[in-house]
Amino acid sequence: MIRNCLAAALLGSAVLLAGCNAAPEAEAPAATETAASSIAVTDPWSRATAEGQNAGGAFMTIANTGTAADRLTGGSTPVAGRVEIHTMTMEGDVMKMRQLEDGLEVPAGGTVTLKPGSFHVMLMDLKQPLKAGDRVPLTLTFAGAGALETQLEVRPAGAMPAMDHGTHGKDKPHG
Amino acid sequence: MADPFPELEEDVSPQRQAEGLKTLRLALWGVVLLVVSIGLVAMFAPDRTPPASDQAAYADLIGGPFALTAPDGSRVTDQTLKGTPFAIFFGFTRCPDVCPTTLSRMASLRKQLGKDGDKFRIVFVSVDPGYDSPEDIGRYVALFGTPILGLTGTDQEVDAAVKAYRAFYQKVPTTGGDYTIDHTASVYLMDASGKLQSIIAYDETNPSALAKLKRLVG
Ligand SMILES: [Cu+2]
């Protein structure tokens, strides 16, 4: 018995160390009671793209003040052929980006932040370059709350979140 | 002779004994995996540089001959890059996250180096030549407000460059017959002779990355 536990613990830690693939959260209960007003999107933004670059990421914070979990399942925008919800993870020194086929859960009474190094809305098949300073309409679709209109603020290509510089921000230059 | 696992003898039924041995094997594999993982983490974790001796051996494994095409159509090889240190990174223009983040970070680090920022080149290699033409890459790298040499080539040329750097990329199918690309997110810092000096990991802190660049241009 002790050996079994030991083996499990060792294997467990080895797998964890070998690079855990931050899987999307487990299935949420179906959102049946979420009212449209319980979802709020703040600071939706995107990065400028170049001509010939046909995809771009969009980022934002989504808050759910409702009592049931909701799920961001997709969206649409006049500037792109397709909108997908993606997650980005690092496995060792390799970045992997995956579409979240079941969307992204926004827990009841909680928030989810889409930001570089994490979740993002992917604008695929861009019909025109996104120019810094532009505002781009984006309709997000939630399983419970339905459609929600937002406007992406297009920032420079290398922009990082305003208040949080992501994994690179623990070390802002001193004085 | 002392049995290192005397408990195994408590139960002599062949089946139970086989189970015991299986457990033992699993445990040993666990140890092996754990040791290998710790080694890899130690090697790649930010702010932890392999000891000098390992580093020398490691440095010889990364970098090597390549020949790619610049946005103006000119050919760029490891030989033509010699004489100036460079920071080289693999990605693709449709990458919404790691590539723009890394390129803007390199641009900002270069700015922080002041005059010394001109003493190294930033090189971005697209591993998506089917999508990114050299001209596309030129327009893409121009978004970051600092000189960046964008390169790509034929599939074979890109593969050879990726292999030379022991980097990795893989196309992953997505909805509608499209694909995304998993790729190495580290930035390789090569000295003026084309030899690896160090690596900036994706999640490395800025002071650590800046220190490495200072050493590169120092
Ligand atoms: Cu990338």
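A, B, ... follow the sequence lines: proteins, then strands. Residue 1 opens every chain.
Options Ala159(A), Gly57(A), Ala157(A) differ in how many heavy-atom pairs under 4.5 Å they form with chain B, and the most are formed by Ala157(A). Interface check for chain B: of the options Met122(A), Met97(A), Arg47(A), the most heavy-atom pairs under 4.5 Å are formed by Arg47(A). With chain A as partner, the option from Thr174(B), Asp132(B), Leu103(B), Asp178(B) having the largest number of non-hydrogen pairs under 4.5 angstrom is Asp178(B). Across Met124(A), Glu101(A), Glu51(A), the residue that shares the most heavy-atom pairs under 4.5 angstrom with chain B is Glu51(A). Of the listed residues (Ala132(A), Gly158(A), Pro156(A), Ala48(A)), the greatest number of heavy-atom pairs within a distance under 4.5 Å of chain B belongs to Gly158(A).
Ion pairing of Asp134(A) with Lys131(A) is absent here, as no side-chain N (NZ or NE/NH1/NH2) approaches a carboxylate O to less than 4.0 Å. One finds a salt bridge joining Asp182(B) and Arg98(A) here, because a Lys/Arg side-chain nitrogen approaches an Asp/Glu carboxylate oxygen to under 4.0 Å.
With a 4.5 Å cut-off on non-hydrogen atoms, Ser46(A) does not touch chain B at all. Proximity to chain B involves both the backbone and the side chain of Gln53(A), based on heavy atoms less than 4.5 angstrom apart. In this structure, the portions of Tyr140(B) lying under 4.5 Å from any heavy atom of chain A include both its backbone and its side chain. There is no contact between Leu210(B) and chain A, counting heavy-atom distances below 4.5 Å.
Between the side chain of Asp97(B) and the backbone N or O of Met88(A), no donor-acceptor pair lies under 3.5 Å.
None of Leu140(A), Leu114(A), Leu138(A) except one satisfies the side-chain contact (heavy atoms from CB on, under 4.5 Å) rule with Val41(A); the exception is Leu140(A).
At a cut-off of 3.5 Å, with distance as the only test, no side-chain donor of Tyr169(B) or Asp128(B) sits close to an acceptor on the other residue.
For Phe92(B) and Tyr131(B), the gap between ring centers reaches or exceeds 6.0 Å.
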